[in-house]
Amino acid sequence: MLKHVMNNPHKVLPQLLAAAVGSWGFFCTGLVRGWSSPGIPSLNATKNFEIESSDVAWIASMPPLCALVGALLVSYPMQHFGRRRTLIGLSIPFFIGFLLMGLTYFGRHKAMLYVGRLITGLVNGALTPSSQIYISECSSPRIRGVLSSLTASALALGILTPYIIGAFVDWWVLALILVIFPVMLLIGMIFMPETPIWLMAHKREDEARRALQRLRGKRTDIDAEFLRIKENQEKSDKKKHKIQPRELLKGSVLKPLSISMGIMFFQQFTGINAMVFYTVNIFKSAGSSIDGRYATIIVGVVQLIATAFSGFFVDRYGRRILLLGSAAIVSCSLAAMGSFFYMQAQWGSDVATEKLGWLPLLSLVVFFVAYSGGYANVPFILMGEMFPARYRSILGPLSSSFNLCCTFIVVRCFPIMQITMGKYGAFWFFMCCTLVGIVFVFFLLPETKGKTLEDIEKIFSAKYDATGTLKTTEAQADNNSLEVKVPPSTLPVDIEKNKSNDRAVRQQEAKKNGTVALDDGNQITTLALKPIADSEDEEDGSLVMAPL
């Protein structure tokens, strides 16, 4: 990244600024997740209104559940109002949600806290796809991976911020302080451009050119990239009708969606949010001598540093290798954490703490370093770049909502898992899921490093092979003559029989009315050149011959 900035600062810095502001949505998402770890113990200790333990459990796990709905609802505003205006609009309810949470201390009714968590949860889910797609569509292919990984760093910073502040203030003061950050997102996005791809999709060509020029720098020649975006949009416009549900079942749509959702599943079933939401409780149950509040800060700092550094490797080593390496080390740290709690169950808490008291902190640190090196950012990068442009506003929220559904399941069930399976069983369960994720990534995930968004679409299209070359035969003009390769299935039966005589079929002439005459040595057969549609019913402009 530094190399790109030093060599082409006028090209990279505008994109870096847009990515930094866009990723602030992930920072706000991290605030919601991070509030629970210091906030819940503080709430239990200082509550001045009636609230039960079951209420506390729901207050901790409610945001992921509400975020699932928010991720689905954001599809319409993203598609019709744009990525930028959607992010601006979402910052307002985010502000209101945190404000309500803080004012609960004065209102003295748990309903205010519930409503505040509900609102921040809804916006939490809506911000994730909005921010990621905004950054992906603003970035050039060469540095898209690095810029898209800023979201993971912003998320880690957002989680760390409540950890630090919450170590020194009560839960309601923490909530009131956090209202500042959605306002920063609002102000920052006001000065950012809309994505050129969205503007082009809505026939605002002049604005799209200006936005692209602003993002690439005033002195950058954007003609080639602008033409590529325009051509890709024109191809999408061939199907101008409203998107039908059955279109989502096409291979080019279903494949990237299934892969993205699979990776989201394995990301969450590393147990990451169980660690984030219950870090303090994990240290308490481990009998660690380190204060849980300060242990969370240590873990949060490690996660932030590791996530920030991992962004520099995304475009160097690719998405696959980072995911595979991340999963392998995460599974080892989960095995170690489970082993500690198993020894604790066998030896007793005091003996286990005396002999292996250092293991929980070390395991968590290794876990967060390994997780941040791949699983923290790559699934969201893939979400922003794998989906076809026409369906991106729908598939992004779908994948994000599935991720949040998995988050809710993990966070809500983790306390129950510790009781029914034992603490060691819960961690070993997450270890097994992570090992299965390695197999999934190895066999099913294609590499997208350095590819344009258009080239990535071709990977999942039946019309193209793995190299991005058309599989269908195209008629190509050469010096006013037409040379055609004829698929056997398109020839009349009598020509098929004559081919067995090993006499080459020669083209005689191409007529102006869109026909071609073929001479096989015995007779001349006139064939019509017709467009061919692939299995996805999308015309690509290639021609095949059919009998008149």
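- Within a 6.0 Å radius of OH in Tyr342, no more than 12 heavy atoms belonging to other residues, nucleotides or ligands are found.
- Environment of CD1 in Ile321: sparse, with no more than 12 heavy atoms of neighbouring residues, nucleotides or ligands closer than 6.0 Å.
- The side-chain heavy atoms of Pro388 and Leu395, taken from C-beta on, include a pair separated by under 4.5 Å.
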Assess whether side chain to side chain contact (heavy atoms under 4.5 Å, CB included) is satisfied between Thr434 and Phe269, documenting all intermediate values. CA-CA 7 Å; Thr434 305; Phe269 276 81; over 6 Å; no
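- To the nearest 0.5 Å, atoms CE (Met192) and OG1 (Thr195) are separated by 13.5 Å.
- Both tests do not hold together for Arg117 against Trp58: distance to the six-membered ring centre under 6.0 Å, angle to the ring axis within 45°.
- Ring orientation note: the planes of Phe266 and Phe440 are tilted relative to one another, at an angle of 30° to 60°.
- Taking the side chain as every heavy atom from C-beta outward, Ser400 and Met383 approach each other to under 4.5 Å.
- Remark: the backbone N or O of Glu447 is paired with a side-chain donor or acceptor of Lys451 at under 3.5 angstrom.
- Ring orientation note: the planes of Tyr105 and Trp172 are close to parallel, at an angle under 30° on the 30°/60° scale.
- Between His109 and Phe49, every side-chain heavy-atom pair lies at or beyond the 4.5 Å cut-off.
- Side-chain contact between Leu155 and Arg33 is present, with heavy atoms from C-beta onward closer than 4.5 Å.
- Put simply, the side chain of Val330 reaches to within 4.5 Å of the side chain of Leu334, judged on heavy atoms.
- Side-chain contact, Asn124 with Thr29: a donor N or O sits under 3.5 Å from an acceptor N or O.
- At a threshold of 4.5 Å between non-hydrogen side-chain atoms, the residues Phe95 and Leu186 do not count as touching.
- Counting only distance, with no hydrogens or angles, the side chain of Arg412 and the backbone of Phe408 share no donor-acceptor pair below 3.5 Å.
- Between Trp24 and Phe181 the shortest heavy-atom distance is NE1-O, 3.2 Å.
- Going from atom CH2 of Trp198 over to atom CZ of Arg85 covers 5.0 Å, rounded to the nearest 0.5 Å.
- Remark: Ile381 CD1 to Leu323 CG distance equals 9.0 Å, nearest 0.5 Å.
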Take Ser136 and Glu385, measure what side chain to side chain donor-acceptor pair (under 3.5 Å) needs, and give me the verdict at the end. CA-CA 7 Å; Ser136 294; Glu385 65 185 14; 5.9 Å; no
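- Here the closest heavy-atom approach between residue Gly188 and residue Val21 is recorded as C-CG1, 3.5 Å.
- Here the closest heavy-atom approach between residue Ile119 and residue Pro93 is recorded as CG2-O, 3.2 Å.
- Residue-environment remark: NE2 (His80) exceeds the threshold of 12 foreign heavy atoms within 6.0 Å.
- Listed for the Thr86 side chain is a donor-acceptor partner under 3.5 Å among the backbone atoms of Pro77.
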Open item on the list: Please determine whether side chain to side chain contact (heavy atoms under 4.5 Å, CB included) holds for the pair Leu100 and Leu113, giving the CA-CA distance in whole Å, both sets of side-chain angles, and the decisive distance to 0.1 Å.
Closed with: CA-CA 7 Å; Leu100 276 174; Leu113 188 56; over 6 Å; no
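- Judged purely by atom type and a 3.5 angstrom limit, Ser42 has no side-chain atom pairing as donor or acceptor with the backbone of Pro38.
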Report task. Apply side chain to side chain contact (heavy atoms under 4.5 Å, CB included) to the pair Ile59 and Met62, showing each step before the final yes or no. Result -> CA-CA 5 Å; Ile59 287 169; Met62 180 182 289; 5.9 Å; no
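- The closest donor-acceptor contact from the side chain of Ser139 to the backbone of Leu147 lies at 3.5 Å or more, if one exists at all.
- Rounded to the nearest 0.5 Å, atoms OG1 (Thr161) and CD1 (Ile177) are 11.0 Å apart.
- With hydrogens and angles ignored, the 3.5 Å screen pairs a side-chain donor or acceptor of Arg320 with a backbone N or O of Phe442.
- Shown here for Leu185 and Gly25, the closest heavy-atom pair between the two residues is CD1-N, 3.9 Å.
- Of the possible polar contacts, none joining the Asn44 side chain to the Pro41 backbone as a donor-acceptor pair under 3.5 Å is found.
- A salt bridge between Glu137 and Arg83 is present, with a side-chain N of the basic residue lying under 4.0 Å from a carboxylate O of the acidic one.
- Not a single donor-acceptor pair under 3.5 Å links the side chain of Ser260 to the backbone N or O of Pro256.
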I'd like to know whether Glu50 forms a salt bridge (Lys or Arg N to Asp or Glu O under 4.0 Å) with Lys110, so could you lay out the CA-CA distance, the side-chain angles of the two residues, the decisive distance to 0.1 Å, and finally the verdict. CA-CA 7 Å; Glu50 185 178 346; Lys110 63 184 179 182; over 6 Å; no
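- The OG1 atom of Thr420 lies 7.5 Å from the CD1 atom of Ile416; values are rounded to the nearest 0.5 Å.
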Anything under 3.5 Å between a donor and an acceptor, one on a side chain of residues 361-380, the other on a protein residue two or more places apart or in another chain? List them.
residue : atom : partner : partner atom : Å
Ser363  : OG   : Leu359  : O            : 2.8
Tyr371  : OH   : Gln267  : NE2          : 3.4
Ser372  : OG   : Gln303  : O            : 3.3
Ser372  : OG   : Thr307  : OG1          : 3.0
Ser372  : OG   : Phe368  : O            : 2.5
Asn377  : ND2  : Ser310  : OG           : 3.0

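- Annotation for Met386 and Leu445: closest pair SD-CD1, 4.3 Å, computed over non-hydrogen atoms.
- Using a distance-only test at 3.5 Å, with no hydrogens or angles considered, no donor-acceptor pair links the side chain of Ser75 to the main chain of Ala71.
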Q) side chain to side chain contact (heavy atoms under 4.5 Å, CB included) between Asp455 and Ile459: does it pass, once the steps are laid out? A) CA-CA 7 Å; Asp455 287 339; Ile459 294 175; over 6 Å; no
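- Ile164 CD1 to Leu157 CG: the interatomic distance, rounded to the nearest 0.5 Å, is 8.0 Å.
- A ring-centre distance under 6.0 Å is not found for Trp35 and Phe98.
- Listed for the Ser23 side chain is no donor-acceptor partner under 3.5 Å among the backbone atoms of Phe26.
- The two residues Leu31 and Pro162 come nearest to each other via the heavy atoms O-CG, 3.7 Å.
- Counting heavy atoms from C-beta on, the side chains of Leu398 and Tyr391 never come closer than 4.5 Å.
- Between Tyr424 and Phe341, the distance separating the two ring centers is not shorter than 6.0 angstrom.
- Between Ile88 and Arg84, the closest side-chain pair of non-hydrogen atoms falls below 4.5 Å.
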